[in-house]
Amino acid sequence: MDDTNQINEKDKKPVESTHKIGIYLWIWGLLFVLSFFSYMVDWYQFQGMLRWSLILFFMFAKAGLIMAFFMHLFWERYALVNVLLWPMTAIACFVFLMAAEFEYTLFSRMFYFFVGGGA
Amino acid sequence: MSDPKIDGFELKPGFRGMASDTGSDQTMFKGVHWGKAMMWIFLLSDTFVFSCFLIAYMKGRGSTPVEWPNPSEVFALEAFGVPVPLLLIALMTFVLITSSGTMALAVKYGYEKNRKMCGWLVLATAIGGLTFVGMQAYEWSKLIHEGVRPWENPFGAAQFGSFFFMITGFHGTHVSIGVIFLFIYAYKVFAGHYENGGKRGWFTTMKGDYVEIEILGLYWHFVDLVWVFIFAFFYLW
Amino acid sequence: MHAGIIFFLVILGSILFHIFTPWYWTDIASNWKGMDDTITLTFWVGGGVFVAVCLFMIYCVFKYSYKEDRKAEYKPEDKKLEKILTVATTLGVAALLAPGLIIWNQYVNVPKNSIEIDVMAWQWGWQYRLPGNDGKLGTTKVVNINDDNPFGINLDDPYGRDDIMVQSDIINLENNRPVKILLRSVDVLHNWYVPQFRAKMDAVPGVVTYYWFEPNKVGEYEVLCAEYCGVGHYAMRGGVEVQDPNSYQEWLGEQETFSDLLAKQNKEIETKKVAKNNSNIEKVIYKEEK
Amino acid sequence: MSDEYENKSGYQAQSSEALTGSAGSTPDMDYVRPAELPEQDLYHGHTFLTKWVFCQDAKVIGVQYFLTAVFTGIVGLILSWLMRLQLGFPGLAGFITAEHYYQFVTMHGMIMVVYFLTALFLGGFGNYLIPLMVGARDMVFPYVNMLSFWMFFVAVAVLMASFFVPGGPTGAGWTLYPPQTILEGTPGSGMGILLMLVSLALFVIGFTMGGLNYMITVLQARTRGMTLMRMPLTVWGIFTATVLAMLAFPALLVSAIMMTLDKVIGTSFFMPTILKAGEVLEYGGGSPILFQHLFWFFGHPEVYIVALPAFGIVSDLISVHARKNIFGYRMMVWAIVGIGALSFFVWAHHMYVSGMNPWFGFFFATTTLIIAVPTAMKVYNWILTLWRGNIRINTVMLWCLGFIVTFVNGGITGIFLGNVSVDVPLSDTYFVVAHFHMVMGIAPVMVIMGAVYHWFPLITGRLLNETLGKWHFWATFLGAYSIYFPMHYLGFIGVPRRYYEMYDSPYMTSAVGMNEFISLAAFLVGAAQFILIFNIIKTLKTGKPAPKNPWKANSLEWHTSTQPPEHGNFGERLPVVHRWPYDFSVPGAKDDFIPQTTPPSEVVHTKVEKT
């Protein structure tokens, strides 16, 4: 078994060094702030594109912070990060196409099933 | 800063590192524990589950010609006699983010082999999760009391109730499973299963290690992550 | 050796089968000849590739079957050959895709002068509705459907009153006039399909789907259901009669409109009321006699 | 010197020039860096229960998966016989009513696609071959792996139970399209469909546990020297298929959950307002097309979940038995990965005439036909592997040749159906039935059979009888080809699929003779499979013991300490890999094969091009 020699403890986990507590507290605080802002979007009743872009911005910001720091993705090697993120393109494609689909369905229903729609 | 090494293998940074990791033998995710890699892939799969739920919700909500209830009114809560929109949801979000923070710290102390701190933080996370589940149960009972059912609701489109109960229910199930495991792992930490090389499990070959706390942490943060999306699409849309 | 021969016979048999087959398309009776042409094109290109690949394989089987003293060639990669094959295949595929997309573009864009036909499907039957003098179909709802309103037309929709109702599973079409088939279903998925017209589309409950074609051959055709819709699926038939304009107009004139139907029902309701009153009177008399 | 070497060996496969140039015959030449991870600690069972039933050895689990899948496959085969009996000779078997016929159709489809092919390729071959081929002691989490099989077993049990509940199994077609599926009047719309949905959910959960194991074993537990680009294509095929399954099954799970809710508590996710027998049902506002999208978002990758392992396995079989390296290995790997990735962007080509947004046709026709390119490249590479090879025409190779013929045939008809407007006249006709049976029924089954003949000596230590094997092949291949080749022409004349009988249309009744012929061929093909069962039983009893590595193959599974391999696979030491598994007929080498474990110093004078 000597050629499958074990690695000494020091080298075993090269990327898993612990991080300073400050970074966690910072991210924690940021998450509260962002959640508060996204709540404010509803409080002030923003409408239309502004509302949507704000909602999505805060959502992705929060998700990004959680993934990057709490889930340590920021410190992971790109091999793992890429494996995790590329499949999301399939989801993105699915979302875009279903958005087109619901518009079409809604149009069909409004046009053919509601009085005045066919006019 | 010199690049770290795994015996005989240079860990290059960035995309060059990705190419060399992928092209190397033995492991592709350098230094990543099997269980952690497995949890990541499982979460990827679970992401697809939640994405499919949310996409279905988008399609369902978008294509119904009946008016969709305004969530900020439906989920309003009376506080001091004034209806505050989304108050309960805001509190739930607060609780979940708090528990996510304690979990992150638990992982940190786990790696530092700080048994006490790690154990207490995992326990705190579990209690946070339990609070969240309790608040969700309250929210459900309130809605049911108001006449919202999976198959109908008095405020508008019937799909509102269906999607609401299904998606929050599925998320709540995830939280509940997480809470159960958090309690188990809190016990395991306190009992010292991860100390001194770890304790071997029953009928298996796995040995305990503090990396399990990180794996559990990944799951818990994922649950929080999903809530971020549900919060945006369900309550703010 | 026998393996190569049998494989060769299989390929030869396939070609001969195609040449001598008595089973092939029904004669086309609509404007979608482009679909047939694209199929033919795909058939020859694809069939050519199939035969070529298989013959090459058979050649290899004959030429390179195992001999103790021979060594196979050692050549892991041939970048140039692979590149040529990739480019050639890509071009071939693009050539097949292009006509497909062009025809699809025609398929989803309905010509302006087409006549709309509402095809309503249920388990297991069809009925049809044509726009009346205003040229527009009224809107419908499944919940409105009952004996008095077989198509579920919204009563307060002004466009619905003059709609022509064909409560039969056979519809007549005017030759050389494009039709836009609007499909809806009251229960499950169906598909209004006439093989001779080539075109088809599912009828989906909850939405209205469409497609169009232009019949160009006078005659009678059979409508099949092409989407599984329950145990009666295989027997769910309808009919199409393509007529020249004169006979079509004549047929059209004989059809009932929605307002005709409503009028008839009103009359019936009145007569029913009268009958009811009479029976009440009779009852009273009967009681008194007792 | 050694530093410089390390840098190179860490990244990418090296060309031989660099190796021989720098190393000559110094001891460094065989250097492979040490193991990153400690040896896996295996749980060895001691009782009958832990050794054979709740066993944690991937090989035993693989065989368990294999046998369970074959059992469901036989059920599916019998169902197909009953269907063909009805179609070829309507009325002959009076007990086959329309309800029964549709139940047979549904169960046949679902069993064959999910419970037979998927479970067999990923659960069966995946479990057996992945650890052996990448040089691991076992799957990374043997315990979870064991649970995965038993979850699958329960799923099969639940599925089979649906045959015996009141109302029978569901008869809604394997695609389970709502509203049909859960409406009263459809066969098995009560318990039948519920059990089906529960069974699917269990299957997905069980598969997820197995799939995580397969993925992490390939990614994180390879032996020393085993780079991704040195893995046999079998592993690549199964691995990519597993990735697809991990990402596609969620859509199935979600649609199963939503449909269960529609059925049980009356939500309306997929159910619009419905008028049934003159009464408006409680449903309203749902969208049946949403289900179709979710279903095919799972369903199309599912096609490749079945096809990709077949691609991988057949590449290995062809290479070994043609005594030639696989032609264009890199291209083959990229084609597998590319097909896998693209398969998530093509799902709605099953829905061209479903009434979805018509503009989707352009997008999906384009993406679908793009997939044709890597697929065609794979076909070219298979026949170019045969070219200038030294081909053993044995049973295994016959199955491979049969695969090429049927797969090319089915692939070409796929171009018809993927090309949106060509699909319009052909969709929902027998052309589709012929296409998918040819490409994902017969072709993968050919590979399975080839693989059984190829790996049987590894698993049992005995060689299957060649003569019986050839009879089995010719009966299956000729029979299957004569089922599905003429069937395309039924589609051309416009016969819709899922018809209980051909009824009275003149162009359909013109094909009565063909239908009878197809049915007879189907009976023959089904019966021919019993030759294999007979062969296996005979071989186990009286077959001659196989020599070690009977096919002279290179990959690791043939170079274990014992054959069949024991628990832990490789005896005392894990193998060290020095090359790809396709070094056949290398000029200058003593034998016509160089196993992956042979270090460069032993074959210094050969012209090895890749490492």
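Basis for what follows: all heavy atoms, side chains included, without hydrogens, waters or symmetry-related copies.
Both the backbone and the side chain of D:L219 come within contact range of chain B, judged by heavy atoms closer than 4.5 Å. For D:L294, the part lying under 4.5 angstrom from a heavy atom of chain B is the side chain only. Only the backbone of D:T223 comes within less than 4.5 Å of a heavy atom of chain B; no side-chain atom from C-beta onward does. Interface residue B:T22: backbone and side-chain heavy atoms are both found under 4.5 Å from chain D. Both the backbone and the side chain of B:A56 come within less than 4.5 Å of a heavy atom of chain D. With a 4.5 angstrom heavy-atom cutoff, B:Q26 touches chain D via backbone and side-chain atoms both. Contacts of D:F270 with chain B are absent, with no heavy-atom separation under 4.5 Å from either backbone or side chain. The contact between D:I257 and chain B is made entirely by side chain atoms (from C-beta outward), counting heavy-atom distances below 4.5 Å.
Of the listed residues B:F165, B:F163, B:F42, the one with more heavy-atom pairs under 4.5 angstrom with chain D than any other is B:F163. The greatest number of non-hydrogen atom pairs below 4.5 Å with chain B, out of D:G284, D:A248, D:G225, D:A251, is found for D:G225.
Judged as a side chain to side chain contact (heavy atoms under 4.5 Å, CB included), and not counting sequence neighbours, the contacts of D:V243 are D:M215, D:F239, D:L247. Annotation: side chain to side chain contact (heavy atoms under 4.5 Å, CB included) contacts of B:F181 (sequence neighbours excluded): B:I177, B:Y185, B:L216.
Within the cation-pi definition used here (under 6.0 Å to the ring centroid, within 45° of the axis), B:K113 does not qualify as a partner of B:Y210.
D:T47 and D:T50 are linked by a side-chain donor-acceptor pair at a separation below 3.5 angstrom, with hydrogens and angles left out of the test.
Between B:Y57 and B:F234, the distance from one ring center to the other falls under 6.0 angstrom.
Atom CD of B:E146 is surrounded by more than 12 heavy atoms from other residues, nucleotides or ligands within 6.0 Å.
Looking only at distances, a side-chain donor or acceptor of B:N153 sits under 3.5 Å from a matching main-chain atom of B:G156.
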